[in-house]
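Heads up: the structure comes next, in structure tokens.
Values below: all heavy atoms of this structure, side chains included; hydrogens, waters and symmetry mates excluded. Computed from a prediction, not measured in an experiment: that's the story for all the values here.
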Amino acid sequence: MKAIVVTDRAAGTAGMTLAERPEPDAAMLASLEGANYGDVVVEVHASGFTGNELEWPSTWIDRLGRDRTPSIPGHEVAGVVTALSYGATGLSVGQRVFGLTDWTRDGTMAEYVVVEARNLAPLPGDLDFTVGAGVAMTGLTAWQGLFEHGRLRAGESVLVHGAAGAVGSMATQLAREAGAYVIGTGRAAHRQTALDFGAQEFVDLENDSLEGVGVDLVFDVFGGDIGKRSAGVVRAGGTLVTVAGPPEARPADGLAVDFVVVSDRAHLGEIAQRVRDGRVRTNIGKVATLDDAVAAFNPTERIKGKTIIRVRP
Ligand SMILES: NC(=O)c1ccc[n+]([C@@H]2O[C@H](COP(=O)([O-])OP(=O)(O)OC[C@H]3O[C@@H](n4cnc5c(N)ncnc54)[C@H](OP(=O)(O)O)[C@@H]3O)[C@@H](O)[C@H]2O)c1
């Protein structure tokens, strides 16, 4: 099968190449005699990639710490199930699905991928594969940050960093839809995009100060200096949730939580429902084919929103 592979950690996205890799199929699932317990093969229709994936250790080593190159990046998927292993429950062959794949195994920038069934949810027939791949990572990260780790409730206030970005725009929409008051942040040029996604106020991090802001929850995607300063805007009893690694500062009288998103069938279902009925929309900046994927991830100018690879027309 055709796939995008990476072998050189230092090369970044410039090291991506289009290659031929063995195609996983039902015979392969069966031949591994239980090693693939719970897995399914998905015919990939659309694939998504997170900007700094090539910096994640799991892109280069497996769970036992062994070199796993050449690795196939992209862990966001929408496609059709073509084979089930023993133990794969809740899905059937021919079913449209979407979700996230294991960080430590080959990903989705390929014609087929092997995924644990529990990491996938049904993709409703009226949602395009591009949309499914476009909301899996952003939707799950935003959902889990706001509601699982941040325990956000209607009437509370939340500061969403990077509100015009892929994760931030989803967090902004989901928080608004849940009845929260949303303050978005970003660069000066992002103000209108953040407001269009539903932020009621905007803090321009290049020119405005965070002083004077007080919120129940901060949803941080940056870490570093911005993350540190954000601890100070959390009200007593509030929470700083971050996806940028262990926080360097904690709210004086509140919690700091960092987390890595996990695929979750129930959460994917909640997200799909909201996309279907127009309560949230995707933030896709570019759609490219697998043949054009290397160029798409090495653009000459910055693409706003997610780049999605349409593996099948
Ligand atoms: N832990 C997890 O489970 C998890 C899950 C998903 C994502 N993440 C991480 O979350 C981060 C965001 O991901 P994403 O896909 O949403 O990225 P993204 O689409 O690039 O969004 C980031 C947004 O923040 C803006 N921005 C970046 N640096 C800024 C700065 N110094 N001041 C103001 N605005 C700034 C970006 O603008 P420009 O485009 O102009 O730079 C962009 O609008 C990534 O680091 C990703 O790895 C973690």
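Under the 30°/60° scheme for interplanar angles, the aromatic rings of Y37 and Y86 are found to stand perpendicular. Ring geometry, F222 versus H161: the interplanar angle falls from 30° to 60°, so the pair is classed tilted.
By the 4.0 Å N-to-carboxylate-O rule, R105 lies close enough to D39 to be salt-bridged with it. Under the 4.0 Å criterion applied to side-chain N and carboxylate O atoms, E248 and K228 are assigned as salt-bridge partners.
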Item to check | Working for salt bridge (Lys or Arg N to Asp or Glu O under 4.0 Å), residues D291 and K2 | outcome: CA-CA 9 Å; D291 287 339; K2 279 198 290 189; 2.9 Å; yes
Item to check | Audit row: E76, S47, side chain to side chain donor-acceptor pair (under 3.5 Å) steps and yes/no | outcome: CA-CA 5 Å; E76 303 148 50; S47 161; over 6 Å; no
Next on the checklist: Does R276 form a side chain to side chain contact (heavy atoms under 4.5 Å, CB included) with D126? I'd like the steps, not just the answer.
Outcome noted: CA-CA 8 Å; R276 281 180 95 178; D126 55 354; 3.0 Å; yes
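Side chains of V5 and M16 form no contact here, defined as non-hydrogen atoms less than 4.5 Å apart.
A donor-acceptor contact under 3.5 angstrom links the side chains of R235 and S157, judged on distance only. Counted by atom type alone, S230 and D220 present zero donor-acceptor pairs between their side chains at under 3.5 Å. Of the N and O atoms on the side chains of S85 and N36, not one donor lies less than 3.5 Å from an acceptor on the other residue.
For the pair R21 and Y112, the cation-pi criterion (under 6.0 Å, within 45° of the ring axis) is not fulfilled. Under a cutoff of 6.0 Å and an axis angle of 45°, R153 and Y181 do not form a cation-pi pair. Annotation: cation-pi geometry not satisfied between R310 and F129 (NZ/CZ under 6.0 angstrom from ring centroid, within 45° of ring axis).
In summary, of the residues considered (V213, L255, V218), a side chain to side chain contact (heavy atoms under 4.5 Å, CB included) with V234 occurs for V218 alone.
Between M1 and P22, the shortest heavy-atom contact is CE-O, 3.7 Å.
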